[in-house]
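Contents: one structure, followed by commentary.
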Amino acid sequence: MKKILLSVLLLNLLAACSSTPTKPDVAEVPPANTSANTDTAAAQVAADAQVAADAAAAKAAADAQAAAAAAAAKAAADAQAAADAAAAQAAADAALNKASVYFATNVDAVQAADKDTLLAHGKKLAGDAKAKVRVEGNADERGSSEYNLALGQRRAKNTKKVLVLSGAKSSQVTTVSYGEEKPAAAGHDEAAWSQNRRVDINYNAGK
Amino acid sequence: MFRVLMSIWIVFCSQMANAELSIEISGAGEHQTPVSVVRFAGEEGGTQSISEIISNDLLRTGLFKLIHPAGRAPHVMSEVKYADWYGVEAIVMGSITPQEGGNMLVTFSLLDMVRRSELLKLTVSAPQDQGRAIAHGIADRVFERLTGTPGVFSTRIAYVNRDKGHYRLVVADSDGYGEQDLLNSREPIMSPAWSPDGSKIAYVSFEERRAIVYVQSLSTRERRVVADFPGSNSSPAWSPDGKKLAVVLTRDDTSQIYVMNADGTGLKRITFSDAIDTEPTFSVDGKFLLFASDRGGTVQIYRVAVEGGAATRMTYETGNSFSPRFSPDGKSFAYTLFNEGKFYIVVNDLGTQQVQYLSNGGWDKKPSFAPNGKLILFATELQGRGILASVSSDGRVKQKLAAQRGDIREPVWGPLLKR
């Protein structure tokens, strides 16, 4: 139980850290720790995956040695399955570390590429009824501030829909829009705009 | 106690007012009246002198050609040698006399140089730090006497200053000087809107970490939440009689337009689309709203009766159209057009359906008419910074105004005040 709590805390912390640079005002974690924590966690995830894969491989090797040649093929398949599962787990963990999804110009629909990220967050919220998130919609500067506020609200709303479809309770997810008011990147170019057409999933502010 | 606090605030703000602005005026009107503003007797030189402020006020309307006095320095009618002023149709002159108790006596005359008559002569006594207000007041009277249209130089503007995550809602003179802060916040501020009597400003603040609409009094600083529904509350607009506010809410799903009483009661939904409907603005007669909507695919301007009902599409330009504003005579509306990577300030004549581009294109956003309809204020960008700009309603004379710090956003011109 203690371990579960700890990992949830770690995940919360990670979610907070990755959104910290765009939300300095609600930061409760010193930005200096951000990269260190993220790196540590990523390393941990990678290490976990490696350990699982190693264990599976070792088991498969031992099985293969002990059994007849016919059984060896099955054992190898098992090993492959175990390694696949470990890799999938690692991918899911990585998805949970990602706290932003991005949008096409003037589009409020969630991109297919971000569905896995949101599915993982939805499952995570489903597994922890006490967790709450604030889904913060943003837009690039090519529009009026009011239109962009409306667009950011629609992006946040659609993101929430996917989270709820993925298992989160509606009451766990609040939405807000900042429109073009809080750009993640400055500059009148696509490099900046693509960063600003985003929704942040903020575990820290989901009160 | 409250009075003491108020006066401290005023002292603070008058120090703020010293922030330097740089002004750049370009272009020339078609039919410009040649006038000259002579340096007043007893006046210190410099760009902030009374005669200089009057000159700049007249210049940026695009209606006058300012003739340099070039050494000619009459201060009263009897000193004027008409032969020296060939080609000049009117001159403004006067004098400033310090009085006891920190006041000054300012006398000015406006002369018709063709008929050789005195069109105006006035004397005002005021505190010495009120030079800017007096200069704008003189410019207003001169403008009205020469054009038949009320001057707007004494009116005020509001805008948002964004400086490294620090937001200020600022009220300033129409030329950008005399800044006063109405609100300071670490969270965004948007969409200031003047009440028709100029006593209050409605705006959107994110201080509660989402968009909520407030109305704040300029004189008492007292403020009230008028729209705090779940989701975003934004884009306040006053009805011409000041009794109603149009707002944009997401409480029933996507951004839609609602009208309510100015105190926040009596909410009524006006638009019913599944698209984004935003930026409502009342017509001069109070019967219609213009608004921006993406219901047709691109963002265009639509019109709807204040009681609601079917909306009529008003713009057909290629690109996306935002931020409509009726001209004070109700005969046209200005808006922002975004096309091929540039924002333009555009005016649509409701009679002829003609569209005129008033700006050359860039990051020109949020047009707002001066209350006499002769100038349009908007936000633009210069060397990567948000600044104020204005353009004469014929598009000929443009002015850029750079603030010392931060980005200026969301400017809006205040109403004409009774004097």
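Keep in mind that the numbers below use all heavy atoms, side chains included, and drop hydrogens, waters and symmetry copies. From a predicted model like this one, the values you see are computed outputs, not experimental measurements. Protein chains get the first letters and strands the later ones, always in sequence-line order, with residue 1 at the start of each.
- Using cut-offs of 30° and 60° on the angle between ring planes, the pair B:Phe326 and B:Phe333 is perpendicular.
- Both the backbone and the side chain of A:Ser177 come within contact range of chain B, each with at least one heavy atom under 4.5 Å from a heavy atom of that chain.
- Proximity to chain B is absent for every atom of A:Asp108, based on heavy atoms less than 4.5 angstrom apart.
- In terms of non-hydrogen atom pairs under 4.5 Å with chain A, the most contact-rich of B:Arg210, B:Lys365, B:Arg162 is B:Lys365.
- Comment: A:Arg142 engages A:Asp140 in a salt bridge, judged by a side-chain N to carboxylate O separation of less than 4.0 angstrom.
- Here the side chain of B:Thr271 pairs no donor or acceptor atom with the backbone of B:Ser273 at under 3.5 angstrom.
- In terms of non-hydrogen atom pairs under 4.5 Å with chain A, the most contact-rich of B:Asp253, B:Asp277, B:Ile189 is B:Asp253.
- Proximity to chain A involves both the backbone and the side chain of B:Ser235, based on heavy atoms less than 4.5 angstrom apart.
- If you measure heavy-atom distances from A:Glu181 to chain B, the contacts under 4.5 Å come from both the backbone and the side chain.
- With hydrogens and angles disregarded, a donor-acceptor distance shorter than 3.5 Å links the side chain of B:Asp294 to the backbone of B:Ile276.
- With a 4.5 Å cut-off on non-hydrogen atoms, B:Val204 touches chain A through its side chain but not through its backbone.
- Ring pair B:Phe322/B:Phe338: centre-to-centre distance not below 6.0 Å.
- Using a 4.5 Å cut-off between heavy atoms, B:Ala379 does not touch chain A at all.
- Side-chain contact of A:Glu146 with B:Ser234: a donor-acceptor pair under 3.5 Å is present, judged by distance alone.
- Between the B:Glu410 side chain and the B:Ser191 main chain, a donor and an acceptor come within less than 3.5 Å of each other.
- Comparing A:Val176, A:Thr175, A:Leu149, A:Asn106 by how many heavy-atom pairs each has under 4.5 Å with chain B, the most go to A:Leu149.
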